[in-house]
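Below is one structure, written out as structure tokens; the observations come after it.
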Amino acid sequence: MTYFPEEVLEHIFDFLSSHQDRNAVSMVCKSWFRVERWSRQRVFIGNCYAIRPERLVARFPRLRSLTLKGKPHFADFNLVPHDWGGFVQPWIEAMAKSCKELEELRLKRMVVSDESLELLSRSFPNFKSLVLVTCEGFTTAGLASVAANCRDLRELDLQENEVEDRKGHWLSCFPDTCTSLVSLNFACLKGEVNLGALERLVARCRNLRSLRVNGAVPMETLEKILARAPQLVDLGIGSYNHEPNSVAYTKFRNTILTCKSIKSLSGFLEVFPRCLPAIYPVCLSITSLNLSYAPGIRGSELVKLIRHCHKLQRLWILDAIADKGLEVVASTCKELRELRVFPSLFGAENAAVTEKGLVAISVGCPKLHSLLYFCHQMTNAALITVAKNCPHFSRFRLCILDPQKPDANTQQPLDEGFGAIVQSCRGLRRLSLSGLLTDQVFLYIGMYAEQLEMLSVAFAGETDKGMLYVLNGCKNLRKLEIRDSPFGDVALLMDVGKYETMRSLWMSSCNVTLAGCKTLAIKMPRLNVEIINEFNDMEVEEEENLCDSQKVEKMYVYRTLDGPRQDAPNFVTRL
Amino acid sequence: MEKQELGLEITELRLGLPTSDVCSKKRGYSELTDENSLSNEEQQQHQQQQHKNLNKAQIVGWPPVRSYRKKINKTGSKGSDCGKMYVKVSKDGAPILRKIDLNTHKGYADLVVQFEELFGCFAVEGGVLRDYSDKSEFVPIYEDKDGDWMLLGDVPWEMFIESCKRLRIMRRTEALELKY
């Protein structure tokens with residue numbers, strides 16, 4: 001292979017799409033490293049503090065697409081203080097200097113300022129795609145810069161971000177010459193948008209395939225948009241609340257029939273359930289349905305809708321659907337691959353799903369491989385049945401709403417149930433546990449979950465052995481996050497080398513002490529060991545008065561090439 | 001931060017009924033049990049007790065649902081089929097909580113009248129919510145979306161019902177202790 005000219009190598013490497021493959025070839029020899037780095041276009045960085053941006057741009061000058069993740073996953077549930085970090089600004093600055101060919105930026109759980117968005121919009125002439133998931137720190141002013149300055153923007157996808165509304169007309173900032181949009185998702189914005197500007201934008205972007213609007217877009221506007229864009233494949237409905245005998249509704253009902261390409265429906269941010277029949281015809285061909293943002297729809301109405309969804313592969317829904325509704329899903333949606341059932345947290349108190357709904361799904365939908373299920377109770381028997389019926393799970397996340405709730409029938413821990421899942425689903429990559437669990441479940445996980453990459457633990461286990469079973473057994477473990485479980489220094493320090501094979505470890509409200517964390521930090525210089533003490537607003541000097549044997553509230557450990565980060569706030573102590 | 005002005009006491013998550021004087025910290029499992037000192041049976045009993053306690057307490061970050069989603073599900077539907085906005089109301093000294101549908105009220109005055117009916121605790125003068133710093137034994141507060149406890153009446157009514165998660169009618173003496 002050393003006789004191949006580099007152009008040939010580069011051509012061969014072009015066929016490698018997965019990050020793992022490209023990482024592997026880059027380590028074969030110096031010349032392959034060189035060829036690979038010059039031709040690499042897409043980079044994924046799962047922890048933005050694992051490496052400094054300067055290193056990234058130095059190695060991959062021809063970078064076109066960057067994916068970055070910032071805060072630890074438990075930040076989603078308010079376990080990480082607000083200004084912990086995860087700023088995108090240094091990355092954009094570094095790339096603005098050295099990676100002018102950037103076309104795509106995908107960020108998750110990062111802090112994005114308007115300044116960053118402005119810099120982004122001015123620095124990369126070929127910029128095409130911005131995807132922000134669960135980010136924060138920006139306002140509609142930042143969006144306005146992106147709209148105004150990115151001449152070739154194809155995709156602006158905002159998912160579940162906290163965006164401050166500045167009342168500007170960011171949508172109007174798309175110039176009249178902008179016709180390139182393929183995907184626009186602003187469902188998470190809370191404020192008004194210029195409806196006329198939206199209609200005109202849609203009218204001139206003939207390649208628009210995906211449009212998800214926010215609750216400020218009324219049915220009348222949506223109808224006009226659909227009339228102009230019958231080619232839409234993915235539709236997110238905003239306001240859906242007219243009387244069924246109104247003119248607006250009648251028009252909408254007729255227009256949507258012309259949209260024969262819709263495969264994915266979501267939104268319904270403000271919904272009048274009696275209007276749902278208008279979308280029944282569309283339901284016949286959709287493969288993806290997200291009703292999880294629509295708490296006003298009763299179970300019976302959900303069921304009526306679902307009965308039309310024969311081709312559904314992905315369903316996100318609230319537990320208002322209840323076990324009976326899930327039985328309908330099981331008998332209607334034979335192609336189902338992904339199911340997420342979210343809890344209705346307020347109101348709708350009688351709505352609930354239990355183990356019965358899950359079992360019904362497992363019987364009716366054998367292709368199911370991804371599950372997120374919030375329920376009121378579970379049993380070992382049900383989990384064992386599910387494991388038998390659906391051996392193809394790659395993601396299995398079960399959340400029983402009462403922490404440490406035992407098997408609803410036998411009052412036993414749910415060790416056997418989860419054990420059956422890991423034993424049967426050999427391809428399991430992600431697992432979240434809940435309910436009453438002893439060390440036994442971790443023994444099973446360590447024994448059987450060979451492909452497991454991410455494990456989430458809450459209120460589980462009895463002794464350090466639990467954590468050790470997992471660390472010893474799961475060879476492919478990348479992320480381990482644990483809260484409120486009795487694991488301490490012994491488990492933490494048994495195999496410190498393990499953490500360099502993982503992306504990160506999170507432990508909060510466990511039995512790990514400051515001494516244990518310090519020991520870990522000393523033994524493993526290539527790990528960052530961060531202690532978060534958010535209730536301690538005092539000076540840093542006070543930290544030294546903290547007794548070593550004191551338990552640590554929150555600890556976040558991650559491998560890094562670049563040592564302790566410089567932007568950590570006061571309440572984060574780097575050991 | 002507002003929380004500190006009110007004193008941590010008011011924001012501490014509580015295990016058990018509102019009248020109990022015991023305020024446990026919201027620290028999770030590890031502080032509640034000490035494995036080594038309990039026999040197996042005791043451990044199981046203790047676990048069951050913890051389970052019951054955890055059941056009633058509000059645990060930070062549980063259930064693991066993104067705050068974005070929690071907000072949507074709270075303020076989401078305004079359709080006429082689902083125009084109810086029930087929130088719990090607790091009153092210091094009364095062991096049983098009540099529920100009030102905020103949507104059936106047009107404003108604070110209305111709401112206070114219902115407090116009177118349910119708990120008989122307010123001096124409502126002429127049906128208008130007076131400055132209750134001088135007259136009544138109780139102070140009405142509410143918990144907002146961010147988890148902060150706020151004094152009733154500061155913000156416009158519409159804003160209030162959007163963000164109110166629960167109400168508490170607190171003894172004035174407790175409120176006084178929090179000021180310093």
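Labels below follow one simple rule: chain letters A, B, ... track the order of the sequence lines, proteins then strands, and each chain is numbered from 1.
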Under 4.5 Å to a heavy atom of chain B? For A/Ile400 that would be backbone
| query | Taking the six-membered ring for Trp, are B/Phe160 and B/Tyr108 ring centroids under 6.0 Å apart? | reply | yes
Under 4.5 Å to a heavy atom of chain B? For A/Phe487 that would be neither
Honestly, the part of A/Thr134 sitting under 4.5 Å from a heavy atom of chain B is side chain
On a heavy-atom basis, the closest approach of A/Glu160 and A/Cys188 is N-CB, 3.8 Å
Identify whether the distance between the nearest side-chain nitrogen and carboxylate oxygen of A/Glu162 and B/Lys71 falls below 4.0 Å. yes
So, the part of A/Ala75 with a heavy atom under 4.5 Å from chain B: the answer is neither
The interface call for B/Arg69 against chain A, heavy-atom contacts under 4.5 Å, is side chain
By ring pair (Phe, Tyr, Trp, His ring centres under 6.0 Å), A/Tyr240 pairs with (sequence neighbours left out) A/Phe252, A/Phe268
Any salt bridge between B/Lys165 and B/Asp144, counting N to O under 4.0 Å?
no
